[in-house]
Novice: 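My structure is below; once you've seen it, I'll send some questions.
All values below were derived from every heavy atom in this structure, side-chain atoms included, with hydrogens, water molecules and symmetry-related copies excluded. Residue numbers start at 1 and run along the sequence shown.
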Amino acid sequence: MSDAVREAVERLLPGVEQPSRYVGCEWNAIDRRATAQPYRAVLAYPDVYDVGMANQAIQILYAMLNALEGVACERVFVPWKDMADALRSAGVALYALESFDPVNEFDLVGITLPHELAYTNVLELLDLAGIPLHAEDRSDAHPLVVGGGPCAYNPEPLAPFFDAVLVGDGEVAAVEIVQTHRRCKQAHMTRRETLAELAKIQGVYVPSLGQHRVLRRAVADLDAHRSPACPVVPYTDVVHDRVAVEVLRGCARGCRFCQAGTIYRPVRERRPDSIVRDAMAALRCTGYDEVSLTSLSTADHSAFVEVLGRLGRRLQGTDISISVPSLRADALTPDVARLLGKAKRTGLTIAPEAGTQRLRDVINKNITEDGLLDTVARAFASGWRRVKLYFMIGLPTETDDDVAGIGELVGRVLAAARDAVPANERGSVRVGVSVSTFVPKPHTPFQWEAQPPLEEVHRRQELLRERMPRKGVELSYHDAEASFVEAVLACGGREVAAAVEAAWRRGARFDAWTEQFSLDRWRAAFEESGLDASAIANRPRDPFEPLPWSHISSGVSTAYLRAERERAFAGQTTPDCTFAGCTGCGVCGALGVSNVIAGGVRV
């Protein structure tokens, strides 16, 4: 079958953009067909190959499942529209990249849910694969469709489309899901009996069994699971085309709008030995000329300076650079600036999020203006010439003064940067400003808050545009209309699924791509499904009302989230528990895991 599919695909490739997305055969790809493994899984990312190949979870789970005896694991991504049309016209079902076998012939399809605007692509992927969209329409002959990733923490908007959803870290739970499914198949259990068995695994939610209580799964020791030593190397340019090594998981800084800061707690650092070992192994195995140290807050690693120093010495005399995707404003210490100064300067990225100290205290962004300006001055004195600043508008309690404050802060950053460089280089100083719209996210202290209506968001954007310095500043906005839909999908319940399906049937795909997004299409889908979208996105919620995701537990207690909300409105900050004492979020006790600080103490 695979030869027939491969030949059919080869005939389609001359008519589509970037054929390299669809041919597989990459360096380090694992093809286990020759050993005829009895169980086959395929990992799917709901976007094009170039985006999906940058996802570390895909690389980690791919290596892990292929290391299991009796299991073969492949990859699949959503084809761009031209290829999707071509596949449908030719009657070719979506296929996995390693074998070219149809996805619907696998035992399990695991789909990562990275963000809400990828939801219509999940339906596109299932439809192209010839798998019934609704779980209730699948028979024992169909693959098990399992979701996971950040959006699994409110699985209801996609509940009808998944057989099961994994909430939490995949390293251990994914193996248990595969082994349980294999056992059930060998015992000739029905699909319903199999789902009942899967629901017994901690972290697994089975929507067809009703809204049962699920406690997130968390890996206690990140070092027990190696970073892939030989990740797959694409033949085409992809987002983040480099070796990526996760240095820690979790962030306890406690930004009150940030979902990742809740759902990945507690902090678990990898040891410097492991980081250096895995980085060097992956570089040797891939030939990349850049290694990226990734996490939510890489410079918070207690041995960050040691890791930079050891990697720098190992890479001395080579053309291989070290990159850190983003830095906190207080992270660029003289030691870090010196060590990164030897590396490739890909641009300094800092996220103050708010323009005034008052609002930064509300959101618990423990950055001061003096700290931010000092960091920028140090960076530009060390050789950087560009900084990118991330802000958000529409945050709870925001006033016009806070919006105007963003422009004023950017002006002071620009001045600090120019003052730190020689006079003849001041013309090269650039400050990029990216402004997104607040989206209330489940499992955060702001999960009960409303997103401002679109008209109000546009008014604040215009106010900011008027207050922003012109020369030397590049201002960009994240699409407010897309953020509105994102809020509906993030905060809605199972009733939203009908709108997702209606939007997909009206042609919605790749909604995260600005040029592909259509608010009119989504409004029509909301109306068709009888959904009051504004009542979901723009309505404040009572802190004690049941929420669509109340049956899913991240381990952080709801009482803590309510207390954090009250502290926000009082303008009170909460310290990071990895620097100060326990703040009582409850995650360590609920999950049986604790902060793991590789250096013993954070400084």
Side-chain angles (χ1 to χ4, degrees), residues 1-55 58-59 61-68 70-112 121-132 138 141-146 178 181 228 230-238 509:
M1 186 65 184
S2 61
D3 288 342
V5 173
R6 187 187 300 272
E7 290 169 6
V9 169
E10 286 175 352
R11 287 193 291 272
L12 302 177
L13 294 181
V16 302
E17 294 179 6
Q18 298 193 40
S20 53
R21 289 169 168 165
Y22 311 112
V23 296
C25 298
E26 307 100 315
W27 189 261
N28 294 334
I30 302 170
D31 186 349
R32 304 190 76 186
R33 279 176 296 170
T35 50
Q37 303 301 317
Y39 187 94
R40 303 179 71 198
V42 57
L43 297 176
Y45 191 90
D47 209 313
V48 287
Y49 177 93
D50 339 359
V51 176
M53 280 301 292
N55 183 265
I58 293 283
Q59 295 269 14
L61 295 178
Y62 179 75
M64 183 173 298
L65 293 180
N66 271 313
L68 285 180
V71 176
C73 182
E74 303 193 23
R75 298 158 297 137
V76 67
F77 304 92
V78 177
W80 191 248
K81 290 183 172 183
D82 56 354
M83 185 59 169
D85 291 343
L87 289 171
R88 285 192 172 101
S89 296
V92 178
L94 189 63
Y95 57 92
L97 281 178
E98 280 75 4
S99 65
F100 277 62
D101 283 344
V103 169
N104 62 17
E105 294 183 359
F106 282 71
D107 296 297
L108 180 146
V109 180
I111 305 177
T112 297
N121 275 11
V122 171
L123 303 193
E124 176 76 344
L125 189 145
L126 292 173
D127 185 68
L128 284 167
I131 298 172
R138 294 172 198 144
H142 290 112
L144 194 72
V145 179
V146 181
V178 165
H181 190 209
C230 286
V232 179
V233 182
Y235 288 132
T236 187
D237 288 340
V238 300
R509 289 123 175 84

Novice: Main chain of Asn66, side chain of Arg32: is a donor-acceptor contact present, judged purely on distance under 3.5 Å?
Specialist: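 Pair found, side chain donor or acceptor close to backbone of Asn66.
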Novice: At their closest point, which heavy atom of Leu126 faces which heavy atom of Arg138, and how far apart are they?
Specialist: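 For Leu126 versus Arg138, the nearest heavy atoms are CD1-NH2, 3.7 Å.
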Novice: Answer yes or no: is there a donor N or O on one side and an acceptor on the other, between the side chain of Tyr235 and the main chain of Cys25, under 3.5 Å?
Specialist: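 Yes.
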Novice: Where is the tightest heavy-atom contact between Glu98 and Ala29, given as atom of each residue plus distance?
Specialist: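 Closest pair (atom of Glu98, atom of Ala29, distance): OE2-CB, 4.3 Å.
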Novice: Output the distance between atom CG (Asn55) and atom OH (Tyr45), rounded to the nearest 0.5 Å.
Specialist: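 Spacing of CG (Asn55) from OH (Tyr45) equals 5.0 Å.
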Novice: Give, for atom CE of Met53 and atom CZ of Phe77, the distance between the pair rounded to the nearest 0.5 Å.
Specialist: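 Met53 CE to Phe77 CZ: 5.5 Å, rounded to 0.5 Å.
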Novice: Between Val122, Val42, Val76, Val146, which is the residue that forms a side-chain contact (heavy atoms from CB on, under 4.5 Å) with Ile111?
Specialist: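 Among the candidates, only Val122 passes.
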Novice: Report yes if some heavy atom in the side chain of Asp101 is under 4.5 Å from a heavy atom in the side chain of Arg40; otherwise report no.
Specialist: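 Yes - at least one pair of side-chain heavy atoms lies under 4.5 Å apart.
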Novice: Any side-chain heavy atom of Val92 within less than 4.5 Å of one from Val5?
Specialist: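 Counting from C-beta outward, Val92 and Val5 do come under 4.5 Å.
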Novice: Distance check, rounded to the nearest 0.5 Å: Leu43 atom CG versus Thr112 atom OG1?
Specialist: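 Taking CG in Leu43 and OG1 in Thr112, the distance rounds to 7.0 Å.
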Novice: Does Asn28 reach the main-chain N or O of Pro231 with its side chain, forming a donor-acceptor pair under 3.5 Å?
Specialist: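 The answer is yes, because a donor-acceptor pair under 3.5 Å joins these two groups.
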Novice: So which of Glu124, Arg21, Arg509 actually passes side-chain contact (heavy atoms from CB on, under 4.5 Å) with Val78?
Specialist: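 Single side-chain contact (heavy atoms from CB on, under 4.5 Å) partner of Val78 among Glu124, Arg21, Arg509: Glu124.
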Novice: Minimum heavy-atom separation for Glu17 and Tyr22, please, with both atom names.
Specialist: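 Looks like O-CE1, 3.9 Å.
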Novice: As an exercise, state the distance from OH of Tyr95 to CG of Leu128, rounded to the nearest 0.5 Å.
Specialist: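 Rounded to the nearest 0.5 Å, the OH-CG separation comes to 11.0 Å.
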Novice: Could you tell me whether the side chain of Tyr39 and the main chain of His181 form a donor-acceptor pair under 3.5 Å?
Specialist: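 The answer is no, because no donor-acceptor pair under 3.5 Å joins these two groups.
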